[in-house]
Amino acid sequence: MPVSKNRRRRSQGRHISVRSVSVPLRTHWLLLTTLVLTLSAALLLEGYTQHLFDSRPDGAHREQRAGASVPAAISSGGPVIEGAAGRTAAPAPRTLALTFDDGPDPVWTPKILDVLRRNDVRATFFTVGTRVAEHPDLARRIVAEGHQIGVHSFTHTDLGAASAWRRSLELRETQLVIAGATGVTTPLLRPPYSSTNKALGDAEWSAVVQAGQEGYLTVLTTLDSQDWRRPGVETIVSAATPSDSAGQIVLLHDGGGDRTQTVAALEQLVPRLKASGWTFATVGDAVALPAAVQQAGTADRWQGTALITAIRTSGGVLDVLSWLLWAAGAISLLRAVAVFVAARRHVRMRRKPWGAPVTEPVSVIVPAYNESAGIEAAVRSLLASDHPVEVIVVGDGSTDGTADIVEALRLPGVRVIRQQNAGKPAALNTGIAAASCNLLVMVDGDTVFEPDAVRMIVQPFAHRRVGAVSGNAKVVNRGGLLGRWQHIEYVVGFNLDRRLFDLAECMPTVPGAVGAFRREALLRIGGVSDTTLAEDTDLTMALCRDGWRVVYEERARAWTEAPASLAALWKQRYRWCYGTLQAMWKHRGALTQRGQAGKLGRRGLVYLLTFQVLLPLLAPVVDVFAVYGLVFLDPVRIVGLWTAFLMLQVLMGLYAFRLDGERPGPLWSLPLQQFVHRQLMYLVVIQSVFTAVAGSRLRWQRMERYGSLEVPVTAPGAPPGAP
């Protein structure tokens, strides 16, 4: 939930120095877009390399595919195939090429290289692109020790079953990482899940032909050691031993699992075959290929290095994100538990009276700038209070006749004070100076009170330490999805948080729509400051730092209009959020203070920073990661987690609505709220943080008025005018 206040500011054309500069920001949205796209690209790369990786062993059972299109010369020819030309080659007699697939592996590749070095044997390693990116040092060692390196696809995918574009991508990316890691390129390709020429099917042959057109020689096998089955050392040795003098290409593995048996088998196989007169060679030497491996060009080396860096970085990014998201999820769950427990305790606590009933009269201050649409309903609702009040309407230079409307009503107990447009803080200070009572209620000109709201909101002043009281602002225009979403936000978000803040004695905001104050407390802190856009938050924090207790009285209900369009909502919340950031920075000294100020700093400010600033900044990451999970992870699990999170919100909503005496009907729109309203609020926080960091200032902006307010004549919990 973004930083918020049950407030609606306005005053187009006000002239207050701190708010007069407006620097339009554009670069931060470009930066945010770049960051999101970069994150998406990193996750896409990580998802492709890790979650589209085919981990089945090369010899795993596959359905026999038709091979009608495979030329007879290929089926009966040598294991090295030039697909585009339809030619084959075979090793020279009594020449054996050892080939190793699925590496490089940090455990088994070094052991196999050690065996080959001790026996002065050169082999060919068909490497998987993602493994080369993870262990480029091993790829360099393979080349440095005189072995040939080949391509075994990028993600060990079945090239025969892959589309043409993916085949090209798999080969090209593997070639690039080999170039970046070793500085060489290779034309040698062994398709995963391939075996002998006779096993080629139509799909596999299509892949061989395409590879040939792209400059690759496909290297199949003549002897399968069966080491992927781990059948025992003797079985591997036997399977890899030729039965005649024909040249052979032997399939072995240096990756893909435990290769203990492969290493042990090599220790026996190589000396035994050498003693029998066999010559060991790389594939290129075995079939007399001229310069099979060549130096990579500068462009390929740079691109390969960049790809390796991107792959390794994407893995690190995913690790960091995973930890952050787990931490954010745990913190959010703890917050939900804390809010629920606090709400229950708050209900029990508020059953006890504050003391003797407070019956002294109250001065109600209504700062009004261009409030002609709702000022009459607001003033009449105040006069309908069941508590003695004087109403002071401060006309702040309105251009729509707001003050004239109030004066024309000629209502007893209502005073109108006119002043030039100076801003809401100045209007409030004018009202404070003119008030005749010690208890003050401040209310916006677009808000109507229920008859008992004034009486309820002043009862906590029976406790001498209480300096301010937050009332319960309710959304009156609940029609449509946007109205319902804001209604839910007010009840579930704002009011539940206020119960927690009240219990923890760290209330950061008394909303301008409905709040009460001791005149003494206001005068001690110098009245209402105009140094932030969130004068109500600034005022509340100043009171806390002065040692006053600020509490929440949920029974003091007032009805206010909420923005009826996304554009208007954006402007309102942007101003709220930015103003609250200003107030948090202004009162950051509370973090090191003691007493009531310390509670505000170490409880209230930390809570606001964590849940209304930092967590919303992670929202785009959460959304991108959710899409990543749906595409590359288990979509059922992702949907299940989202559903569980939604159910937690629904349960909290049901409880909050019950506490506020509201009908739970609007909660049906909660799932939709996650896809529009939530993202909007998170973008508001991002915009506000960038604005604050850039040192820009916002202007006051006029909020629309819809004329939906009436003097309440209904039971508590129902909007004014509802049946």
Side-chain angles (χ1 to χ4, degrees), residues 48-50 52-60 62 79-81 83 97-106 108-109 112-113 123-136 138-143 147-162 166-182 184-196 199-200 203-204 207-208 210-212 214-225 227-228 249-257 259 262 282-284 292-293 304 307-308 311:
Y48 184 84
T49 57
Q50 299 300 319
L52 293 185
F53 192 97
D54 195 335
S55 59
R56 294 175 300 161
D58 282 323
R62 295 161 59 234
V80 180
I81 305 171
L98 295 177
T99 63
F100 297 90
D101 291 4
D102 295 353
D105 182 274
W108 305 111
T109 301
I112 289 172
L113 289 171
T124 304
F125 289 79
F126 289 99
T127 55
V128 178
T130 57
R131 298 294 180 251
V132 173
E134 292 171 0
H135 311 289
L138 291 178
R140 284 191 290 271
R141 180 180 171 185
I142 289 171
V143 174
H147 304 286
Q148 275 186 343
I149 194 166
V151 172
H152 197 47
S153 83
F154 195 62
T155 60
H156 200 266
T157 191
D158 185 347
L159 296 179
R166 187 174 178 190
R167 292 172 185 168
S168 295
L169 179 66
E170 290 277 329
L171 302 185
R172 177 59 178 164
E173 300 305 284
T174 309
Q175 191 74 265
L176 283 178
V177 294
I178 290 175
T182 67
V184 302
T185 60
T186 175
L188 303 178
L189 163 68
R190 170 163 294 158
Y193 310 109
S194 62
S195 56
T196 64
L200 281 174
E204 290 77 19
V208 170
Q210 182 179 341
E214 296 179 11
Y216 291 92
L217 297 174
T218 300
V219 180
L220 302 181
T221 59
T222 57
L223 286 178
D224 184 356
S225 69
D227 66 337
W228 56 274
I249 294 180
V250 181
L251 172 62
L252 295 146
H253 294 83
D254 65 327
R259 298 304 172 201
T262 303
T282 63
V283 168
V293 176
L307 181 56
I308 291 172
I311 292 172

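Computed over heavy atoms, backbone and side chain alike; hydrogens, waters and symmetry mates excluded. Bear in mind the structure is a predicted one, so any value in this text is a computation, not a measurement.
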Test log, rule side-chain contact (heavy atoms from CB on, under 4.5 Å), inputs Asp254 and Asp105: CA-CA 7 Å; Asp254 65 327; Asp105 182 274; 5.6 Å; no
Any side-chain heavy atom of [X] within less than 4.5 Å of one from [Y]?
X: Val128; Y: His152; result: yes
X: Asp102; Y: His156; result: yes
X: Glu204; Y: Pro191; result: no

Among Leu223, Leu98, Asp101, which one satisfies side-chain contact (heavy atoms from CB on, under 4.5 Å) with Leu251? Asp101
Name of the residue among Gln148, Arg190, His253 meeting side-chain contact (heavy atoms from CB on, under 4.5 Å) with Thr99: Arg190
What residues, two or more places apart in sequence or in another chain, satisfy ring pair (Phe, Tyr, Trp, His ring centres under 6.0 Å) together with Phe100? Phe125
Atom [atom1] of [X] and atom [atom2] of [Y]: how far apart are they, to the nearest 0.5 Å?
X: Ser153; Y: Asp158; atom1: OG; atom2: CG; answer: 9.5 Å
X: Phe126; Y: Leu252; atom1: CZ; atom2: CG; answer: 12.0 Å
X: Thr130; Y: Tyr48; atom1: OG1; atom2: OH; answer: 10.0 Å
X: Ile178; Y: Thr185; atom1: CD1; atom2: OG1; answer: 9.0 Å

Atom of Ile149, atom of Val293 and distance for their closest heavy-atom approach: O-CG2, 4.2 Å
Given 3.5 Å as the limit, does a donor-acceptor pair link the side chain of Thr218 with the main chain of Gly83, or not? no
Determine whether a donor-acceptor pair (N or O, by modelled atom type, separation under 3.5 Å) exists between the side chain of Trp108 and the backbone of Gly103. no
Going by atom types only, do [X] and [Y] share a side-chain donor-acceptor pair under 3.5 Å?
X: Arg131; Y: Thr155; result: no
X: Ser168; Y: Gln210; result: yes
X: Tyr216; Y: Gln175; result: yes

List in chain and number order the residues that pass side-chain contact (heavy atoms from CB on, under 4.5 Å) with Ala207, two or more places apart in sequence or in another chain; answer none if no residue qualifies. Leu159, Arg167
